[in-house]
Every structure is written in structure tokens, then in C-alpha cells.
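The sequence lines fix the lettering, A, B, ..., with proteins before strands; numbering per chain opens at 1.
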Amino acid sequence: MGYRVMDMNKKSDVIEKRRDKLEALREKGVQLFPNDFKVSHTVKDIKDTIDGSPETIGVDGAPFSAAGRMMAINRFGKSSFIRFRDRTGLLQAYIRKDKIGEDGYALFKQLDIGDLVGLRGPVFQTKTGEWTLLADEFKLLCKAVRPLPEKFHGLKDPEKRYRQRYLDLIMNQDVRDIFIKRSRIIQAIRDFLLDRDYLEVETPMMQPIPGGAEAAPFKTFHKALGMDLFLRIAPELYLKRLVIGGFERVFEINRNFRNEGVSTQHNPEFTMLEFYEAYATYRDLMQITQEMFQEVAIAVTGSSSIHYQGQSIDFSGNWRQISLLDSLQEIGGVDTGILYNRGALLELASLKGIEITKADRIGKVITKLFDVLVEPKLIQPTFITGYPVEVSPLSKRSDTDKALTERFELFIAGREIANGFSELNDPCDQKERFLQQVADREAGDPEAHFMDQDYVEALEYGLPPTAGEGIGIDRLVMLLTDAASIREVILFPHMKPSGKK
RNA sequence: GGGCCGUUAACUCAGUCGGUAGAGUAUCUGCCUUUUAAGCAGAGAGUCGCUGGUUCGAGCCCAGCACGGCCCA
């Protein structure tokens with residue numbers, strides 16, 4: 001019995017010990033979560049000051065107040081070195097009993113790696129020349145109950161990294177860098193479009209009819225309105241309504257939701273840039289896209305050529321353009337004779353293990369073949385043009401070939417990155433295309449468009465000749481950060497609830 | 001949906017032939033006022049993902065399940 005009681009009281013676990021320590025500090029009257037420390041300088045400010053005028057600072061110089069998380073502690077008997085990090089970097093500080101006093105040093109000895117602290121004092125150089133903050137004042141700003149992962153190996157388990165991204169961010173500098181870069185990429189895109197007189201807008205994320213793409217939507221229900229709503233799969237039809245309304249250049253950078261599989265390339269919610277420009281054509285968009293990518297790459301990486309997963313990709317110059325059918329022939333190695341022969345195409349598809357359903361019209365068969373035979377080979381930026389009408393329900397028909405549309409898709413590193421076209425602005429043609437999509441859906445294509453009568457009515461008021469494009473931001477960020485998985489560029493990727501812990 | 005791999009201490013990982021559960025870091029105690037993954041001496045720390053099966057005996061073998069990673073569809 002006595003043993004059992006001892007066992008129950010035994011606090012062997014690291015976290016239990018820390019909780020005990022925290023309670024002991026609290027009982028001593030130590031403020032564990034104060035909110036009155038004023039920061040005067042970031043770590044970067046301090047380092048910049050040192051670089052700017054090292055001769056004017058030193059142990060007798062002006063003090064800096066800085067705060068951050070303790071990432072390392074080297075304790076000696078009556079003094080200690082710590083490293084703490086704020087959003088701008090890592091700095092060493094030197095804590096001496098004779099500087100911060102008996103009580104202060106006793107408190108410091110009770111603290112742990114991972115605690116947040118505030119420090120105030122001048123900087124000096126250690127024996128090895130490292131600039132170090134000499135703490136005159138040391139204050140606990142937040143006590144951490146749980147220990148950080150190990151300092152040398154850090155946090156590696158991908159499941160834990162995604163589920164507890166905050167730990168990933170604390171421990172892994174390269175992860176922080178990816179998300180800083182992501183923010184800069186989006187800012188560079190925004191700057192690029194604003195410079196060209198575009199207006200940034202926000203359109204509904206919840207839509208009564210999900211449109212603008214071919215994808216399975218998430219469905220929800222609005223109680224007060226008593227109606228089904230769908231999380232948007234694209235903002236397209238709303239952005240074009242705005243062009244009708246006279247906003248001739250609009251863009252939106254926001255989330256789309258698609259109720260499909262999760263993989264290294266797909267997250268159920270992902271970020272898309274869509275932009276629309278009146279009196280422009282899909283050809284103008286290809287030019288704009290090239291310029292945008294070159295500008296963003298240089299703004300973010302300093303170069304217009306990048307390295308992605310061991311491949312070198314060059315954004316400079318004019319990118320290759322090739323039609324869908326030519327690409328199947330030249331890049332996919334498909335015999336010319338087969339391209340216009342439905343039976344032969346179906347045979348080839350079946351040979352390649354491509355699943356073709358009854359609902360698939362010939363244009364769909366061709367794009368499915370393209371996905372397998374050509375797309376993986378498009379490493380350098382390549383515009384594919386000449387998409388069939390039946391897979392492009394919102395695109396303007398080509399003047400020279402009514403079976404084709406004025407549309408392109410951009411491929412880089414074997415993946416679709418962008419999709420743009422001259423917008424279909426003939427309301428009669430649009431209505432017929434919707435009807436064909438409805439027929440496709442009834443024939444068994446779950447991704448076919450719904451009829452959107454309200455959109456057709458909007459078109460009847462007159463959409464100027466317009467070109468519009470969507471760019472997958474996550475995939476662009478992957479390219480520019482050399483990330484193999486989309487989860488590495490989304491802060492909180494979707495996962496199933498963990499079965500344990 | 002299928003295939004392969006993984007899940008062991010807070011973290012990173014070992015664990016042989018099925019026979020008492022290991023290391024480093026972290027933590028705790030002691031020493032230490034210029035360290036750099038500090039050092040020295042000592043100590044504590046485990047639902048081996050979960051459930052069942054085989055066995056005298058399972059971290060290890062078998063089955064199912066959960067979660068994750070990669071690949072394929």
C-alpha cells in the first residue's frame with residue numbers, strides 16, 4: 001500500500017516535473033505570465049546597431065530591451081549564457097548573478113529552455129568575438145509547461161510537424177523561411193497587379209451554385225435562409241460579374257475548396273489567384289504571366305531561374321507555346337493518324353491504363369491522354385493552347401476553329417500551374433455550354449458544371465471582351481521554395497484527427 | 001481505393017535468434033563567472049500506436065484496426 005501511494009505521488013514525467021516547478025514558482029509569488037515588459041529593440045535592431053557603429057557600444061553603452069524564447073542555456077555556477085530568439089533572429093545573452101542579483105539569479109536557475117524572457121542591458125563581445133547582451137535586468141515573461149524538442153535533431157516527425165506547426169516553426173528555421181517566402185510571393189503578386197491598375201476584391205466563399213471550375217464541392221446549409229450553400233470551387237463567375245459592372249481589371253487571392261483526395265499535390269482548401277482584364281485576350285495573359293513569374297521569382301529568390309527538386313527551371317525569356325494536339329504528337333509521341341480517330345484514341349487510353357467513362361466526350365479523352373503522356377514531361381514553363389470546347393465551358397471559341405477555344409494552361413515542373421482564357425461573353429453560347437454540361441452531369445460526370453441562369457442573365461447585360469486567369473498559389477510557392485509536398489507550404493494542412501494521445 | 005514503409009522516454013533514434021527496455025539530447029541533484037550541441041559526477045524517466053492471436057514467454061511472429069509518409073489510381 002505504501003508503495004502504491006509513493007508511486008502515485010511520484011512525478012517522474014518531464015511535464016509533471018515542470019508543472020510542479022511552475023506551481024512552486026507561483027507559490028513563491030513569481031509572476032509567471034506578466035504583461036508589462038517593454039521591448040525597445042528586436043534582435044535584428046541590435047545586430048544592425050552593432051554593425052553600424054561597433055565603437056560606440058560596449059558594456060558601458062546604452063542598454064537594449066529585447067524579448068524572445070530561450071532556445072539554449074549554458075549554465076555555470078554564478079553565470080550563464082542563453083540564446084533567445086525573436087521574430088528577427090537569435091541572440092546570445094549573458095546572465096550574471098552579480099548583475100541581476102541573488103533573487104533574480106535564483107529565479108533564472110529555475111527556468112527552462114522554451115520559456116519566454118525579457119532582457120535589458122548593453123552588448124559586449126565574448127572571448128570568441130560573439131556580440132552578447134549583458135543582462136542588467138532579466139524577467140520571465142511566460143513559463144512553458146512543456147519542453148521543446150531536442151536542440152540538435154529538432155522536430156522531424158512529419159505528422160507532429162503538421163499537427164503542431166507551432167513547434168515546427170519554433171524548431172525549424174527552414175520552415176519559418178518557407179512561410180516568410182510565401183507571404184513575400186503573395187505580396188509581390190499583389191504589387192505586380194496593383195501596378196497594372198488592378199483592383200483587389202473579395203467575392204463569396206459560400207455560393208448557391210458552385211461554378212467556375214469542374215470539381216466536387218463541399219455542401220453546407222444556411223439555417224436562416226433555409227438554403228443549401230456550397231463552398232466555392234472558384235471565384236470566376238463572380239469576378240466576371242464585376243467586370244460586367246465596370247471593374248475592368250480585378251483580382252482576388254483567396255481560398256478555394258474542392259471535395260477531393262488529399263495528396264502531396266492537393267489540399268481540400270487551397271489558395272488561388274484569379275485575375276480578369278477587360279479588352280485583353282488569352283495571348284495578352286500569357287505575356288502578363290511570364291512577366292509576373294519573372295518579377296516574383298526575382299523579388300523572392302533574386303534570380304529568374306530556380307532549382308526545383310534537382311531540376312533547373314528558367315523563367316526568363318519567352319516561354320514555349322504549343323497546341324494540345326501538337327504536344328501529344330511531339331512530346332507525348334502519339335501517332336498523328338490516331339489523334340482524329342476516336343476508336344484509336346480510346347484504344348491508346350486503355351493501353352495506357354487511363355480510365356475513360358461513357359460521359360467522356362472526345363475532348364476529355366484527349367486531355368486525359370495529355371495528363372499522362374505530356375504533362376509530366378513539361379519541366380520548363382510551357383503554355384499549352386488549343387483546348388477543345390467540351391472541356392472549356394467558360395472559354396471563348398477560337399475564330400479559326402469553332403471546336404477549339406482561346407485558352408491556355410501553363411505547366412512547370414510537370415504540373416499545371418495556371419489556366420487562362422479569353423472569356424466567353426456570348427450569353428447564348430454560354431447557355432448552350434451550360435446545358436451541355438448539365439447533360440454531361442446526367443451522363444455521369446460528377447464534375448460537370450451546374451446551370452447558372454443568374455450568370456447567363458448577367459452576361460446578357462454585356463461582358464466586355466475580357467481575358468481571365470487562375471494561378472495556383474500553393475503550387476507556385478512549392479516551386480519557389482523547392483517544396484516536394486503542398487503540406488510544406490500550407491501552415492495547417494488538413495489531416496484526420498489523430499487516433500492517439 | 002491499392003502497394004510499400006513507419007509508429008519504442010519530452011525529442012532524435014537503436015533494439016541481434018522470441019527470454020529483465022537501450023543511447024544521445026532534454027529533465028533532476030551536486031560542482032563550475034566567457035560558453036558555442038559547454039564540461040565533470042550522480043539520478044530519475046516507458047500503456048514499445050490500439051485490439052486480438054500464436055507461445056512457457058511477444059517491442060520482435062500472425063491478423064485486424066488507427067494515424068502518418070512515399071508511390072500508384
S.K.: Provide, to the nearest angstrom, the distance between the CZ atom belonging to R163(A) and the P atom belonging to rA10(B).
M.R.: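 So the CZ-P distance, R163(A) to rA10(B), works out to 18 Å.
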S.K.: Test of understanding: with ring-ring contact (aromatic ring centres under 6.0 Å, His included), list the residues that count as partners of F434(A), not counting sequence neighbours.
M.R.: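 F434(A) satisfies ring-ring contact (aromatic ring centres under 6.0 Å, His included) with H449(A) only.
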S.K.: So K151(A), base contact, sugar-phosphate only, or nothing? Heavy-atom distance under 4.0 Å.
M.R.: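 Answer is sugar-phosphate: K151(A) comes under 4.0 Å of backbone atoms only.
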S.K.: Test of understanding: with side-chain hydrogen bond (donor to acceptor under 3.5 Å, both in side chains), list the residues that count as partners of D314(A), not counting sequence neighbours.
M.R.: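 Scan of D314(A) (side-chain hydrogen bond (donor to acceptor under 3.5 Å, both in side chains), adjacent residues dropped) gives S316(A).
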S.K.: Does N74(A) have a side-chain nitrogen or oxygen under 4.0 Å from the phosphate oxygens OP1 or OP2 of rA38(B)?
M.R.: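 Answer is yes, contact under 4.0 Å.
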S.K.: Over how many whole Å does the gap from K78(A) atom NZ to rU34(B) atom P extend?
M.R.: 11 Å
S.K.: Taking only residues two or more places apart in sequence, or in another chain, which ones meet F408(A) in a ring-ring contact (aromatic ring centres under 6.0 Å, His included)?
M.R.: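 By the ring-ring contact (aromatic ring centres under 6.0 Å, His included) rule, F408(A) matches F383(A).
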S.K.: Assess the side chains of S80(A) and Y105(A): does a donor N or O sit below 3.5 Å from an acceptor N or O?
M.R.: yes
S.K.: Once Watson-Crick and G-U wobble pairs under 3.5 Å are found, how is RNA chain B written in dot-bracket notation, 5' to 3', with | for any base paired to another strand?
M.R.: (((((((..((((.....[..)))).(((((.......))))).....(((((..]....)))))))))))).
S.K.: Is it the case that rU35(B) (base atoms only) and E130(A) (side chain only) share a donor and an acceptor within less than 3.5 Å, ignoring hydrogens and angles?
M.R.: no
S.K.: Measure from NZ on K160(A) to C1' on rU7(B) and round the result to the nearest Å.
M.R.: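 About 12 Å, once rounded to whole Å.
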S.K.: Which residue pairs satisfy the ring pair (Phe, Tyr, Trp, His ring centres under 6.0 Å) criterion with at least one member in residues 144-179 of chain A, sequence neighbours excluded?
M.R.: none
S.K.: F76(A): which residues meet the ring-ring contact (aromatic ring centres under 6.0 Å, His included) condition with it, sequence neighbours left out?
M.R.: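 For F76(A) there are no ring-ring contact (aromatic ring centres under 6.0 Å, His included) partners, ignoring immediate neighbours.
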S.K.: Look up atom CG in L134(A) and atom CD1 in I100(A), then write down how far apart they are to the nearest 0.5 Å.
M.R.: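 L134(A) CG to I100(A) CD1: 10.5 Å, rounded to 0.5 Å.
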S.K.: Within the 4.0 Å heavy-atom criterion, would you say M171(A) contacts the bases, only the backbone, or no part of the nucleic acid?
M.R.: nothing
S.K.: How would you list all residue pairs meeting ring pair (Phe, Tyr, Trp, His ring centres under 6.0 Å) that involve residues 328-353 of chain A, not counting sequence neighbours?
M.R.: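 Every candidate ring pair (Phe, Tyr, Trp, His ring centres under 6.0 Å) pair involving residues 328-353 of chain A fails, so no pair, neighbours aside, qualifies.
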S.K.: If you look at every strand shown and take non-hydrogen atoms under 4.0 Å, does I15(A) touch a base, only sugar-phosphate, or nothing?
M.R.: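 Counting heavy atoms under 4.0 Å across all strands, no contact is made by I15(A).
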S.K.: Output the residues of residues 122-129 of chain A in contact with RNA chain B, where contact means a heavy atom of the residue under 4.0 Å from an atom of the strand; sort by number or write none.
M.R.: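 Residues of residues 122-129 of chain A under 4.0 Å from RNA chain B: F124(A), T126(A), K127(A), T128(A).
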S.K.: Got a sec, which residues hit ring-ring contact (aromatic ring centres under 6.0 Å, His included) with F64(A), two or more places apart in sequence or on another chain?
M.R.: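 F64(A): ring-ring contact (aromatic ring centres under 6.0 Å, His included) contacts with H41(A).
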S.K.: Could I get a table of every N or O pair under 3.5 Å where one atom is in the protein and the other is in nucleotides 70-73 of chain B?
M.R.:
residue: rC70(B); atom: OP2; partner: R487(A); partner atom: NH1; Å: 2.9

S.K.: Going by the rule side-chain hydrogen bond (donor to acceptor under 3.5 Å, both in side chains), which residues pair with Q436(A) if we only count those two or more places apart in sequence or in a different chain?
M.R.: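 D440(A).
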S.K.: Tabulated below should be each protein N or O lying under 3.5 Å from an N or O of nucleotides 27-29 of chain B; please produce it.
M.R.:
residue: rC28(B); atom: OP1; partner: K21(A); partner atom: NZ; Å: 2.3

S.K.: Hey, does G261(A) reach any base, or is it just sugar-phosphate, or nothing, if we go heavy atoms under 4.0 Å?
M.R.: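 Touches nothing.
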